[in-house]
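Here's the structure we're looking at; comments come further down.
Counting starts at 1 for both ligands and their atoms, following the listed order.
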Amino acid sequence: MRLGLPVLLLVLVLARGSQPQEWHSKEAHTVNWDKFSGFWYILAVASDAQGFLPARDKRKLGASVVRVKKTDQLKVVTAFSRPQGCQSQEVTLQRDRKKTVFRNTCAYGGGLVSTGSLPVRGVKAFRVLATDYSYGLVYLQLGRVAITHRTLLLLHRQNVSSFQNLRDFMDWCDILALTKTAVVLPKDASCAYTILP
Ligand SMILES: *[C@@H]1O[C@H](CO)[C@@H](O)[C@H](O)[C@H]1NC(C)=O
């Protein structure tokens, strides 16, 4: 059972050819941010940031708590298991003209709760690509002023996802050219629970 999802992921990677798809036609055009708010597990990650994840045996589920502050502001707390351990971060983002995107207007990506020699820093943009409010695909831009890393997250209200959710995640990995970095996280919620509201 522990091996279930990673094996499934491998099957999905091998089963699909590389068919370039148009990202903008597939993307969600509106998001109900009140419905999107609350606690999410981060079940899978794909990132072009080198060294984003710790060694295989140290990986854990991530989490995110999303709150609408004002109609044009979103507070996002994230927790990730990183090579340095479990790290959480909180950032307030401003609504972009696009209805599905919030951006960090401060160059440094908000306050880091825990520090360390992180190659990747704050959240610069948070974009919902697809959601039915029980799962979500979120495209994060992470980094500092001039450096931006692209990261795709599979969010779920529960600590397990459906096959279809995982398929959608892999489809978007394809579109974003992040397939080789896609990782399904082991079901250890100890890091995720550090940011339970
Ligand atoms: C996953 O969630 C269920 C209930 O929602 C819980 O019983 C189970 O212990 C959780 N698994 C882990 C590994 O946290």
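Residues His149 and Gln141 are not in side-chain contact: their nearest non-hydrogen atoms beyond the backbone lie 4.5 Å or more apart.
Near ligand 1, residues Asn159, Lys187, Ala189 come within 4.0 angstrom through at least one heavy atom.
Ring geometry, Trp33 versus Phe36: the interplanar angle exceeds 60°, so the pair is classed perpendicular (tilted spans 30 to 60°).
Within 6.0 Å of the NZ atom in Lys98, the count of heavy atoms belonging to other residues, nucleotides or ligands exceeds 12.
Scanning both residues, Cys86 and Thr194, for their nearest heavy atoms gives SG-OG1, 3.8 Å.
Sorted by first and then second residue, the ring-ring contact (aromatic ring centres under 6.0 Å, His included) pairs involving residues 79-98 (not counting sequence neighbours) are Phe52-Phe80.
If you look at Phe39 and Tyr41, their ring centroids are closer than 6.0 Å.
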